[in-house]
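Structure record follows, encoded as structure tokens.
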Amino acid sequence: MNKFFKISERGSNVRTEIIAGLTTFFAMAYIVVTNPNQIVSFSHLAEGADPAFQQIWNAVYVASILAAVIGTLLMAFYAKMPFAQACGMGLNSFFFVSFILPHIIAGDGSDGLIRGYHSGLVIILVSGLIFMILSISGLRSKIAKALPECLKKAIPAGIGLFIAFLGFQNAGILQDNQYTLLQFVDIHGAIANGEFITVVPALLAILGFLLIAVLEKYRVKGSVLISIAVITVAYYITTGTTPVFDIGQIGQTFQDFGSIGITGVFQGTSWADAFTGEAIGGIFSAIMLIITFCLVDMFDTIGTLYGAASQANMLDENGDPINVNKCMTSDSVATVAGAVCGTSTCTTFVESASGVAAGGRTGLTSLVVSICFAVCLFLSPLASLVPSCATAPALIYVGVLMLKGFAKVDMNDMRSAVPAFLALIMMPMTYSISNGIGIGAIAYVIITLCTGKYQKRDIPVTVIAALFILKFVTVTM
């Protein structure tokens, strides 16, 4: 095992890798339930709703886990990197809006909803095959390596802010505000209204974050996992919530997966609906949807790989992630496998950085994550017992670690400073890693053209910028 995964060579050990795998899993375990919730829109699972919603939910639940297992196993045994894969957040919501919502608006009933679900899987499959061609040919990694140095340094920092922002939101530390958009959790208002219990998760998350910081200061191994365990126990004690473990729906979940999940892309009607169906808008709309899913997945993965690899000190002499081609191939195969099984685009998860922060450096970390996901096929309620306030501190802590790379950006040169700043700030503000990269690339090209410093090596990033301009003017994502 040590020789295969190069554990000692990368300065790690089996115990650390296992802890890192568990840390990554618990940081991203929310996707097991969140992904099917997003694809059918959770509100449509209410009592009396069309039964097709629950069928799709069940199918996507199983498919999401299988896609995560397949993709993460590839990361473990093929790429041998400590990164995990699962269905991308944002892309799952876009799947609902593009393929499920039109049939809801049209009132097409169960048959229409399932046909919309199946046509979406076809689009995901085609985009996944394109990912695979780009990855195997090496074009995908060349696109990544073509990014200017300022963006390579800003991307990890931007992802750090984005991850921390997710953590603050998941724990309720940040709340909506009609005047300022966001505000700090309203502790005073909760106390005044006798609803202090509602802010307990947010306070526990802050405590968990500080606990990680203290443990790290004392160099305690597994500090993130310790924090998750402590805050989980504290959550149930302080809120009086009773853990519920219900496995009654497991049989029905597998049945729906077999009947409508894994059969979707193998039906001729699914392909006809995907490229000629009125709900999608015809072949041009289908092509633009494929391009959109390609772009978002490509740059989300590129951004995550650069961010997590830099955190793990796993960059080559050119500042690029080691085994980047194999990582991207693993990602593309996972997307294809996910589409065949019945779920939306699979991508390398930003929460992988939490495992890296816990010391994960090899594919053994990914193997542990994949095993945990596989167990969730039968013990799904167990993962849901870990509250968001327990995993949020890990995300916030990772944000702290990943910001250090931004210090290397030349802030005296506006051609570097402005694109880097835009990439940094736009990731959390637009809730998209790929948007941050795209906006930063566009700014870099424009400034370079206007200052007369454009060179042949800037052509690839110009193509990237042009693709994002096309995406921004055709699809809101």
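Contact detail for Val69 and Ala374: the closest heavy-atom pair is CG2-N, 3.7 Å. The two residues Ala76 and Phe5 come nearest to each other via the heavy atoms O-CE2, 3.3 Å. Listed here is the closest heavy atom pair of Gly359 and Ser12: O-OG, 3.7 Å. Residues Cys87 and Ile31 share a closest heavy-atom pair of O-CD1, 3.3 Å.
Proximity of a side-chain donor or acceptor of Asp186 to a complementary backbone N or O of Gly189 within less than 3.5 Å is detected. The closest donor-acceptor contact from the side chain of Ser344 to the backbone of Phe95 lies at 3.5 Å or more, if one exists at all. Side-chain atoms of Ser332 come within 3.5 Å of backbone atoms of Thr329 as a donor-acceptor pair (strictly under, hydrogens ignored). Between the side chain of Asn323 and the backbone N or O of Ala79 there is at least one donor-acceptor pair closer than 3.5 Å. A donor-acceptor contact shorter than 3.5 Å links the side chain of Asp331 to the backbone of Thr348. In terms of modelled atom types and a separation under 3.5 Å, the side chain of Ser416 and the main chain of Cys150 share no donor-acceptor contact.
Separation of atoms CG (Asp176) and CG (Leu182) is listed at 6.5 Å; rounding is to 0.5 Å. Summarising the geometry, atom OH belonging to Tyr235 is positioned 4.0 Å from atom OG1 belonging to Thr241; distances are rounded to the nearest 0.5 Å. Separation of atoms CD1 (Ile262) and OG1 (Thr343) is listed at 12.5 Å; rounding is to 0.5 Å. Here Thr23 contributes atom OG1 and Leu225 contributes atom CG; the two are 4.5 Å apart, rounded to the nearest 0.5 Å. Here the CD1-CZ distance, from Ile425 to Phe162, works out to 13.0 Å after rounding to the nearest 0.5 Å. Between Leu207 atom CG and Ser227 atom OG the span is 7.5 Å, to the nearest 0.5 Å.
By the ring pair (Phe, Tyr, Trp, His ring centres under 6.0 Å) test, Phe349 is found to be paired with no residue, residues two or more places apart in sequence or in another chain being considered. Taking Thr16 as the reference, Asn13 meet the side chain to side chain donor-acceptor pair (under 3.5 Å) condition, with sequence neighbours excluded. With sequence neighbours left out, the ring pair (Phe, Tyr, Trp, His ring centres under 6.0 Å) criterion links Phe53 to His44. For the ring pair (Phe, Tyr, Trp, His ring centres under 6.0 Å) test, no residue two or more places apart in sequence or in another chain qualifies with Phe165. Under the salt bridge (Lys or Arg N to Asp or Glu O under 4.0 Å) criterion, Glu195 pairs with no residue, sequence neighbours left out. Among residues two or more places apart in sequence or in another chain, the side-chain contact (heavy atoms from CB on, under 4.5 Å) test is passed with Thr345 by Leu91, Ile124, Phe131, Phe293, Asp297, Thr335. Considering only residues two or more places apart in sequence or on other chains, Phe168 meets the ring pair (Phe, Tyr, Trp, His ring centres under 6.0 Å) condition with none of them. Contacts of Ser8 classified as side-chain contact (heavy atoms from CB on, under 4.5 Å), with partners at least two apart in sequence or in another chain: Asn2. For Ala68, the side-chain contact (heavy atoms from CB on, under 4.5 Å) partners at least two apart in sequence or on another chain are Ala86, Phe373. For Leu215, the side-chain contact (heavy atoms from CB on, under 4.5 Å) partners two or more places apart in sequence, or in a different chain, are Leu211, Val220, Ser223, Ile226.
The side-chain tip of Lys152 does not point at the ring of Tyr306 from less than 6.0 angstrom away and within 45° of straight on.
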In sequence, state the C-alpha distance, the side-chain angles, and the governing distance for Asn37 and Trp57, and then conclude on side-chain hydrogen bond (donor to acceptor under 3.5 Å, both in side chains). CA-CA 7 Å; Asn37 282 354; Trp57 192 99; 2.6 Å; yes

Assess the residue pair Ile322 and Leu315 against the criterion (side chain to side chain contact (heavy atoms under 4.5 Å, CB included)); give the C-alpha distance rounded to whole Å, side-chain angles, the decisive distance to 0.1 Å, and a yes or no. CA-CA 6 Å; Ile322 62 175; Leu315 300 175; over 6 Å; no

Begin with the C-alpha distance, continue with both residues' side-chain angles, and end with the deciding distance and a verdict on ring-ring contact (aromatic ring centres under 6.0 Å, His included) for Phe254 and Phe378. CA-CA 10 Å; Phe254 279 99; Phe378 310 96; 5.7 Å; yes

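The ring pair (Phe, Tyr, Trp, His ring centres under 6.0 Å) contacts involving residues 205-234 comprise nothing, where partners must be two or more places apart or lie in separate chains. Residue pairs that meet the side chain to side chain donor-acceptor pair (under 3.5 Å) test with at least one member in residues 353-368, sequence neighbours left out, are Glu17-Thr362, Glu17-Thr365.
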